[in-house]
Amino acid sequence: MEAKQLRHDLGVAGSAPKSPAYLALLRAGSRIKPLQQVHAHLVVSGSHRSRALLTKLLTLACEAGSILYTHRLFLSVPIPDAFLFNSLIKASSKFGFPQYTVFFYHSMLAFCIPPSSYTFTSVIKSCADLSDLRLGRGVHSHALVCGYGADSFVQAALVSLYSKSGDLGAAWKMFDKMPDRSVVAWNSMISGYEQNGLSKEAIVVFDQMRELGVEPDSTTFVSVLAACSQLGALGLGCSVHRDVINSGLHVNVALGSSLINMYARCGNVSKAREVFDSMKERNVIAWTAMISGYATNGYGTQAVELFREMKARGSVPNTITFVAVLAACAHAGLVPEGREAFASMRQDYGLVPSVEHHVCLVDMLGRAGLLNEAYQLIKELGAEEAAPAVWTAMLGACKMHKNFDLGVIVAEHLLEVEPENPGHYVMLSNIYALAGRMDRVEMIRNMMMGRSLRKRVGYSTIDLNHRTYLFSMGDKSHPETSEVYQHLDELMSRCREAGYAPAPESVMHEVEEEEREYALRYHSEKLAITFGLLKTKDGVSIRIVKNLRMCEDCHEAIKFISIVTKREIIVRDKLRFHHFKDGSCSCMDYW
DNA sequence: TTAGGGTTAG
């Protein structure tokens with residue numbers, strides 16, 4: 001023990017002195033060219049038969065990203081041993097070649113070499129990366145047969161496998177029977193819930209973890225903050241941020257980006273920017289998080305400005321950065337900037353625009369009224385690129401600019417390629433209604449009913465004192481229902497006195513005629529806002545998260561609510577934010 | 001003649 005410590009202190013950790021050939025490999029590192037040179041050297045000097053040298057060469061080649069070279073080298077080894085297999089399995093799993101991990105694992109079994117617990121952790125991770133739950137279950141059984149069912153690393157890997165695959169029941173079952181759960185196992189469980197859209201459950205597990213006195217680490221916080229973002233739970237997010245500060249943990253890039261994202265997705269852009277400015281290290285993800293935060297909150301100019309700064313500072317944008325920038329341009333009507341960014345993607349960065357980029361571009365042109373140019377663009381796209389999402393953006397533009405003829409063509413195309421999507425029927429019937437073609441509205445409604453399609457149910461949530469309250473249209477399940485409805489009625493009459501006029505075409509055919517005004521009045525966002533007004537003091541901002549997009553009537557009504565109550569109201573809808581204040585919205589009615 | 005695992009950000 002003392003001798004080992006002494007060696008460590010002298011900086012000569014490791015036991016035996018390394019051979020010159022081994023040192024040459026270490027010098028080459030994970031760079032393919034130098035590795036090949038060393039390899040050639042080994043062959044010439046005859047030392048390529050050394051198993052140790054070959055193993056090191058193989059893992060370095062894998063780390064360098066050249067799996068084909070690694071594979072070729074592997075095939076040249078006549079009788080691979082356990083050490084070689086485990087090294088290869090670990091390296092291929094760690095450096096992103098899960099299909100090879102599985103291949104080496106099968107190959108190992110074919111050579112009748114028994115796997116170890118280390119083998120299983122890597123193989124299970126690769127099954128998770130491949131989203132191959134069937135294979136994962138098989139490997140799980142094999143691990144049990146080999147006697148590794150109680151290994152805490154294998155168990156943690158299995159928790160991660162099941163939660164990533166969406167089988168949270170199996171994940172929990174595994175997690176629940178773990179005798180000692182490491183922080184990593186907790187993290188797997190928390191992120192599993194969060195990534196499957198079960199943010200509330202993620203928070204519950206986080207609370208349990210702390211009740212049991214397990215210290216969260218930065219990975220825990222990253223997942224918990226992501227859960228807060230999903231919920232739009234600003235209060236909770238702030239308290240988690242305080243926990244991060246109190247924990248004294250270093251705010252690394254992942255944690256910083258997660259904080260930026262949380263604040264931005266909860267509608268507090270200035271706090272997001274504060275975090276961004278305080279970060280010592282920034283990578284493309286951090287920059288993109290901030291740009292995207294500006295974009296979704298309606299600060300298009302700031303998003304484009306930050307994008308310029310990012311490039312000036314030498315950070316290289318990727319495809320996701322461009323989605324954020326183009327979305328910013330679309331929502332803020334920055335057409336020249338958007339065109340420039342789109343062209344630059346390919347020209348300056350060699351990035352191929354995907355469906356998402358085309359959606360933004362069509363959206364941008366369409367909103368700006370350049371319908372023909374947008375339509376031309378779609379027609380020039382290949383069949384695969386002109387995905388339904390691109391046509392949907394086009395349809396939105398047609399409705400916005402009341403272009404009946406083009407709208408019908410686009411909608412009919414969408415009904416043909418996606419007859420199961422209720423959104424398209426609703427959109428087409430809205431267009432017919434705008435054109436006064438009520439016969440067609442009726443026809444579309446019947447078509448939809450004939451195919452047993454129903455419009456998705458809209459709901460809104462509000463976060464008060466760390467609790468999330470959910471409201472859906474006409475919902476009366478809430479204990480304070482009558483109070484909320486009564487207050488909403490009073491509120492709407494005050495709005496009407498201030499000049500608000502309901503626009504019944506917003507609900508269209510989704511409900512029966514006599515229910516229209518009722519439905520319009522009790523849309524979920526209005527209920528959630530009313531509840532928020534009842535439960536908070538004067539002057540406090542109201543924050544709502546909606547699962548779908550807001551209708552035009554609600555948008556108009558909320559402007560008036562912001563006047564008569566003198567409150568700032570922030571609504572996050574499916575796509576972006578609306579900050580209502582003194583009768584106007586940050587989206588400038590451009591959404 | 002050789003190491004070591006499972007979790008995280010746009």
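Values below: all heavy atoms of this structure, side chains included; hydrogens, waters and symmetry mates excluded. Keep in mind it's a predicted model, so treat the numbers as computed, not measured. Order of the sequence lines sets the chain letters (A, B, ...), proteins ahead of strands, with each chain counted from 1.
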Can you tell me how the ring of A:His142 sits relative to the ring of A:Phe120, calling it parallel under 30°, perpendicular over 60° and tilted otherwise? perpendicular

Nearest whole Å is fine: how far is B:dT7 P from A:Met209 CE? 15 Å

Considering only heavy atoms and no angle criterion, is a donor-acceptor pair shorter than 3.5 Å present between the side chain of A:Ser117 and the base of B:dG5? yes

Please report, rounded to the nearest Å, how far the C1' atom of B:dA9 is from the CD1 atom of A:Ile260. 9 Å

Pick base, sugar-phosphate or nothing for A:Ser50, based on heavy-atom distances below 4.0 Å to the nucleic acid. nothing

Are OP1 or OP2 of B:dT8 and a side-chain N or O of A:Ser191 less than 4.0 angstrom apart? yes

Roughly, in whole Å, what's the span from CD1 in A:Ile190 to C1' in B:dA9? 15 Å

I want to check one thing: is the phosphate of B:dG10, taken as OP1 and OP2, less than 4.0 Å away from some side-chain N or O of A:Asn261? yes

Looking at A:Asn86 and B:dG4, is any side-chain donor or acceptor paired with a base atom of the opposite kind under 3.5 Å? no

Short side-chain N/O contact to B:dT7 OP1/OP2 from A:Ser160, under 4.0 Å: yes

Return the value, rounded to whole Å, for the distance between atom CE of A:Met279 and atom P of B:dG10. 12 Å

Below 4.0 angstrom from OP1 or OP2 of B:dT7, is there any side-chain N or O of A:Gln155? no

Atom CG of A:Leu158 and atom P of B:dT7: how far apart are they, to the nearest Å? 11 Å

Side-chain donor-acceptor pair present, A:Thr288, A:Thr321, cut-off under 3.5 Å: yes

If I take atom CG in residue A:Leu84 and atom P in nucleotide B:dG4, what distance separates them, rounded to the nearest angstrom? 16 Å

Round to a whole Å and report the spacing from CE of A:Met310 to P of B:dG10. 15 Å

Rounded to the Å, how far apart are A:Phe120 CZ and B:dG4 P? 21 Å

Determine the contact category for A:Glu194: base if any of its heavy atoms lies under 4.0 Å from a base atom, sugar-phosphate if only primed atoms, P, OP1 or OP2 are that close, otherwise nothing. nothing

Identify whether any heavy atom of A:Lys125 sits under 4.0 Å from a base atom; if not, whether one sits that close to sugar-phosphate; answer base, sugar-phosphate or nothing. sugar-phosphate

Touch check for A:Ala156, heavy atoms < 4.0 angstrom, all strands: base, sugar-phosphate only, or nothing? base

What residue among A:Phe111, A:Phe74, A:Phe97 forms ring pair (Phe, Tyr, Trp, His ring centres under 6.0 Å) with A:Phe104? A:Phe74

Please state whether the base of B:dG4 and the side chain of A:Thr121 form at least one donor-acceptor pair under 3.5 Å? no

Does any N or O donor sit under 3.5 Å from an N or O acceptor when you compare the side chain of A:Asn252 with the base of B:dA9? no

Is A:Lys164 near enough to B:dT7 that one of its side-chain N or O atoms lies under 4.0 angstrom from OP1 or OP2? yes

By nearest atom, which of the nucleotides B:dG10, B:dT7, B:dG4 is closest to the A:Thr321 side chain? B:dG10

List the steps and the verdict of salt bridge (Lys or Arg N to Asp or Glu O under 4.0 Å) for A:Asp243 and A:Arg210. CA-CA 11 Å; A:Asp243 292 342; A:Arg210 291 209 294 191; 2.7 Å; yes

How is A:Thr220 classified with respect to the nucleic acid when contacts are heavy atoms under 4.0 Å: base, sugar-phosphate, or nothing? nothing

Proximal nucleotide (of B:dG4, B:dT8, B:dA9) relative to the A:Thr219 side chain: B:dT8

From the options B:dG5, B:dT7, B:dG10, select the nucleotide whose nearest atom is closest to the side chain of A:Asp151. B:dG5

Per the side-chain contact (heavy atoms from CB on, under 4.5 Å) rule, which among A:Thr468, A:Leu234, A:Leu231 passes with A:Asp463? A:Thr468

By centroid distance (under 5.5 Å) and plane angle (under 30°), are A:Phe153 and B:dG6 in a stacked arrangement? no

With no hydrogens and no angle check, just 3.5 Å: does a side-chain donor-acceptor pair link A:Thr220 and A:Asp217? yes

